[in-house]
Each structure stands twice: as structure tokens, then as C-alpha cells.
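Right, one structure below, let's go through it.
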Amino acid sequence: MITVHHLDFSRSHRVLWLLEEFGLTYELVRYKRDANFKAPPALAAIHPLGKSPVIQDGALTLAESAVILEYINTRYGGGRLAPPPGSDAYFVHEEWLQFVESTAAFPIMMTRIGALTGGLSERMAQFVSPVLQKTLDYISSAVSTGAYLSGDRFQLADIQMAYPLEIASYGGMLGAYPQLTEYLDRLKARPAFERAVEKGGPMMPPK
């Protein structure tokens with residue numbers, strides 16, 4: 001049985017969501033953030049990075065949400081939330097899956113951090129703002145032609161994408177992007193998403 005080490009208000013919501021999509025039984029170990037919104041030291045005993053998500057499955061311990069999603073989909077989901085390996089569609093989906101954290105998360109997180117710390121410096125804002133706009137434009141364009149990133153098929157990349165878009169929505173970055181708001185609402189309306197929230201709490205803390 002998979003054990004999920006789940007930190008409140010974190011990317012590990014993705015893992016719970018996927019497990020719920022597949023109707024799998026799993027053990028949930030929850031961790032609370034400290035007064036500085038940091039992960040507790042106990043997580044470092046599970047993985048050297050002391051971060052979440054982390055899963056344990058027998059002797060295997062994995063961090064990094066994209067890898068965990070692919071692992072669960074391959075080992076337990078029959079690969080049904082990704083295109084056939086080796087196909088063109090597979091690599092397009094893989095691009096989206098990796099894009100979320102390698103590209104999209106940076107301008108969203110920097111903008112959010114700036115809002116929490118009194119604003120980015122002028123020089124940093126000049127760099128981050130156009131990157132944020134280009135990123136949100138790119139995602140919005142993708143979901144303008146279908147319900148999900150790859151048309152009308154819900155896949156792992158959509159699960160991966162929800163977290164940074166929730167941060168963007170929470171931070172007031174989606175006002176000019178109604179298609180992204182509709183896309184995020186569509187994802188959050190999935191029954192498996194709602195079950196993940198019931199078990200692990202919401203992605204964002206209350207305002």
C-alpha cells in the first residue's frame with residue numbers, strides 16, 4: 001500500500017487527487033506547517049529534502065510530484081491518464097507535465113512572494129511580470145480549444161497544473177484570464193478532487 005506523506009497547503013494535494021481518481025486505498029500521514037509556514041522537521045526523516053509530497057511504496061521512496069504522478073499512473077492506473085508511451089501525444093503531454101514546475105511555477109510563485117513581502121524590486125518586477133503574462137497566455141490558449149490542456153481528455157498534466165493556478169487565483173493574478181478561472185473551476189469540480197480536499201485539506205490556506 002502506498003503511504004503519502006502529505007503537508008498541508010502543498011503540492012502533495014496532487015498525489016491524493018490522483019489516488020482518488022483511481023479509487024486506490026492508501027495510508028495518509030499528515031504534517032502541519034509551523035508558524036513560519038515551513039514544513040516540520042519530521043519530514044526530513046522521510047526524505048533528505050524534508051519536503052512534500054513524498055510517497056513510500058514498499059522499499060521505494062519518491063519525492064517530486066511529476067514523478068510520483070507518473071509512477072502511480074504506470075504502476076496502479078494502467079497508464080490511462082497519459083497517452084501511450086512513445087507516441088507523439090505522449091511527448092506533448094510530457095512537455096505539459098514538466099512545464100508546470102520547470103517554467104510556469106516560477107513567475108507565479110515570485111509574484112505571490114512579492115505580494116507577501118511588500119512587492120518585488122523594480123528590476124525583478126520588470127523581469128517577472130512579462131514572464132508571468134506569457135505563461136498565463138500560453139496556458140489560456142491551450143484550454144481555449146478544449147476542456148483540458150490536451151483537448152477533452154483529462155490527464156496527469158491537468159492534475160499537475162491545478163496547484164500553481166490555484167496560487168495564481170488566490171493571489172489575484174487571473175482577473176484577465178476567465179478561461180483559466182473556468183478551467184480551474186472545472187478541475188476543482190471533479191469528485192476525486194473534492195475527496196482529496198476532504199481527506200487532506202484545501203490547496204490554499206483560508207484568507
Side-chain angles (χ1 to χ4, degrees), residues 8-18 20-21 37 53 64-66 69-70 81-83 89-197 200-207:
D8 286 351
F9 316 124
S10 78
R11 291 166 171 83
S12 61
H13 179 275
R14 295 163 169 162
V15 179
L16 304 186
W17 181 5
L18 179 59
E20 293 295 334
E21 289 283 352
F37 210 67
E64 299 300 336
S65 52
L69 295 186
E70 291 191 284
L81 287 187
Y90 173 85
F91 291 107
V92 171
H93 174 263
E94 188 71 13
E95 180 181 28
W96 276 117
L97 189 65
Q98 302 303 327
F99 164 83
V100 174
E101 291 295 340
S102 65
T103 300
F106 170 75
I108 293 172
M109 293 299 295
M110 287 299 295
T111 301
R112 181 59 186 156
I113 290 169
L116 293 172
T117 57
L120 298 174
S121 69
E122 182 178 354
R123 186 173 181 181
M124 182 62 75
Q126 288 175 347
F127 173 76
V128 171
S129 295
V131 177
L132 176 65
Q133 181 177 343
K134 182 181 290 187
T135 298
L136 296 179
D137 285 348
Y138 182 63
I139 305 167
S140 182
S141 178
V143 298
S144 68
T145 57
Y148 302 108
L149 292 170
S150 298
D152 291 324
R153 183 182 176 188
F154 173 77
Q155 298 183 106
L156 297 180
D158 297 295
I159 293 176
Q160 186 81 338
M161 186 65 79
Y163 181 77
L165 286 186
E166 180 77 341
I167 294 174
S169 177
Y170 189 84
M173 300 173 219
L174 299 187
Y177 296 93
Q179 288 174 322
L180 290 184
T181 299
E182 291 168 6
Y183 169 59
L184 182 59
D185 288 345
R186 197 155 47 243
L187 295 177
K188 292 165 67 174
R190 292 183 69 86
F193 180 99
E194 294 175 347
R195 290 195 297 272
V197 170
M203 288 188 286
M204 295 291 109
K207 288 190 175 180

- Task: Say whether, by atom type as modelled, one donor and one acceptor occur between the side chain of Arg153 and the main chain of Ala82 under 3.5 angstrom.
- Result: yes

- Task: Indicate yes or no: at least one non-hydrogen side-chain atom of Gln155 is less than 4.5 angstrom from one of Leu149.
- Result: no

- Item | NZ/NE/NH1/NH2 to OD/OE distance under 4.0 Å, Glu194 and Lys188 | no

- Spell out, as yes or no, whether a donor-acceptor pair under 3.5 Å connects the side chain of Arg112 to the backbone of Gly171. no

- Item | N/O donor-acceptor pair under 3.5 Å between Asp158 side chain and Leu187 backbone | no

- Message: Using 30° and 60° as the class boundaries, would you call the ring planes of Phe154 and Tyr148 parallel, tilted or perpendicular?
- Response: perpendicular

- Counting N and O atoms only, with roles assigned by atom type, does the side chain of Thr117 sit under 3.5 Å from a partner on the main chain of Ile113, one being a donor and the other an acceptor? yes

- Task: Would you check if the side chain of Lys207 reaches a backbone N or O of Tyr170 as a donor-acceptor pair within less than 3.5 Å?
- Result: yes

- Query: Does Arg190 come within less than 4.0 Å of Glu20, counting only side-chain N to carboxylate O?
  - Reply: no

- Item | Beyond-backbone contact of Phe193 with Ile159, side-chain heavy atoms, under 4.5 angstrom | no

- Exam field: side chain Ser169 to backbone Glu166, donor-acceptor pair closer than 3.5 Å: no

- Task: For residues Arg195 and Trp17, determine if any side-chain heavy atom of one lies less than 4.5 Å from a side-chain heavy atom of the other.
- Result: no

- Task: Give a yes or no on whether the backbone of Leu136 and the side-chain of Ser140 come within a donor-acceptor separation of less than 3.5 Å.
- Result: no

- Message: Under 6.0 Å between ring centres: does that hold for Phe91 and Trp96?
- Response: no

- Task: Would you check if Ser65 and Gln160 make a side-chain contact, meaning some heavy-atom pair closer than 4.5 Å?
- Result: yes

- Item | pair Phe106-Leu132: side-chain heavy atoms closer than 4.5 Å | no

